[in-house]
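Everything below concerns the one structure shown next.
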Amino acid sequence: MKDKRNQQDFFDLVFQVVRQIPEGKVTSYGAIARYLGIGSSARTVGWAMNASHHQKEYVPAHRVLNRNGQLTGKFHFNPPESMQQALEKEGIVVNEDQVQNFQHHYWDPAVELAL
DNA sequence: ATGCTGACGTCGC
DNA sequence: CGCGACGCCAGCA
C-alpha cells in the first residue's frame with residue numbers, strides 16, 4: 001500500500017496474474033482488468049499483453065481471451081496459429097478461433113486468487 | 001505537446 | 001436481434 005514498489009506499472013501486475021493461470025485454463029481481459037481494479041480498462045490489459053513479449057519472464061498470453069472466448073489476438077502471436085495450438089495442447093478445444101466450453105475452462109483471478 | 005490507435009467491455013438505439 | 005459509440009490506459013508518430 002504505502003510501498004512504492006507495489007505501484008509497479010499495471011503492466012507487470014497483469015503479467016503476474018497471467019503467469020498464475022493454471023495449465024488448461026483461460027481467462028478474459030476484463031476479468032484481469034477487474035481483478036486489478038481498473039474495471040472498464042480491459043483494453044489496457046490487452047495492450048499489456050503486447051508488451052508481454054518484452055518481459056523476460058514467459059507470459060502465457062495465449063490463455064488470455066476476450067469475453068467471448070475468442071482468440072482475438074491470435075494474429076499477434078508468432079505464428080498466429082501457435083495460440084490455438086498451445087490451447088489445444090493444454091486440452092482446450094478451439095474451433096473457428098472460438099474456445100469450446102470456454103466457461104468450463106474459465107479461470108477467474110478474482111475467484112481463484114480469492115481476494 | 002497533441003492526437004490516434006489498440007489483443008476489450010458495456011450500454012444505447 | 002444487430003450495429004454503433006463511448007470509456008479507459010498506455011505507447012507511438
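Proteins get letters first, then strands, A, B, ... in listed order; numbering begins at 1 in each. Computation of the quantities below employed the complete heavy-atom set of this structure, encompassing side-chain atoms and omitting hydrogens, waters and symmetry-equivalent molecules.
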Length of the line joining A/Leu36:CG and B/dG9:P, which is rounded to integer Å | 14 Å
Nearest whole angstrom, please: distance from the C1' of C/dC9 to the OH of A/Tyr29.
-> 16 Å
Looking at every strand, decide which applies to A/Asn66 at a 4.0 Å heavy-atom threshold: base, sugar-phosphate, or nothing.
-> sugar-phosphate
Which whole number of Å gives the distance between the P atom of B/dC4 and that of C/dA5?
-> 15 Å
Whole-Å distance, A/Trp47 CH2 to B/dG6 C1', equals 4 Å
Side chain to side chain donor-acceptor pair (under 3.5 Å) between A/Glu90 and A/His62, worked out | CA-CA 11 Å; A/Glu90 296 184 2; A/His62 63 270; 3.2 Å; yes
Donor-acceptor pair, side chain of A/Gln20 and main chain of A/Gln16, under 3.5 angstrom | yes
Give the rounded distance in Å between these two atoms: CG of A/Leu13 and P of C/dC8.
-> 20 Å
Counting only distance, no hydrogens or angles, is the base of C/dG7 paired donor-acceptor with the side chain of A/Arg43 under 3.5 Å?
-> yes
Nearest-angstrom distance from the residue atom CZ of A/Phe11 to C1' of C/dC12 = 12 Å
Calculate the interatomic distance between A/Ile32 atom CD1 and B/dG9 atom P; express it in whole Å.
-> 10 Å
Trace of the side-chain contact (heavy atoms from CB on, under 4.5 Å) decision for A/Leu65 with A/Thr72 = CA-CA 7 Å; A/Leu65 317 167; A/Thr72 53; over 6 Å; no
Kindly point out which of B/dA7, C/dC8, B/dG9 is positioned nearest to the side chain of A/Ser28?
-> B/dG9
A/Met49 CE to C/dC9 C1', in whole Å, measures 14 Å
Look at all strands and tell whether A/Phe77 reaches a base, only sugar-phosphate, or nothing, counting heavy atoms closer than 4.0 Å.
-> base
Could you check whether A/Ala61 gets within reach of a base, just the sugar-phosphate, or nothing at all, counting any heavy atom under 4.0 Å?
-> base
Side chains of A/Ile92 and A/Phe102: does their closest heavy-atom pair fall under 4.5 Å?
-> no
Should A/Met49 and A/Val14 count as side-chain neighbours, where that means a heavy-atom distance under 4.5 Å?
-> yes
May I ask you to say what A/Arg67 touches in the nucleic acid, namely base, sugar-phosphate or nothing, with a heavy-atom cut-off under 4.0 Å?
-> sugar-phosphate
Taking atom C1' of B/dG9 as reference, at what distance in whole Å does atom CG of A/Asp108 sit?
-> 15 Å
Look at the side-chain N and O atoms of A/Thr44 and state whether any lies under 4.0 Å from the OP1 or OP2 oxygen of B/dG6.
-> no
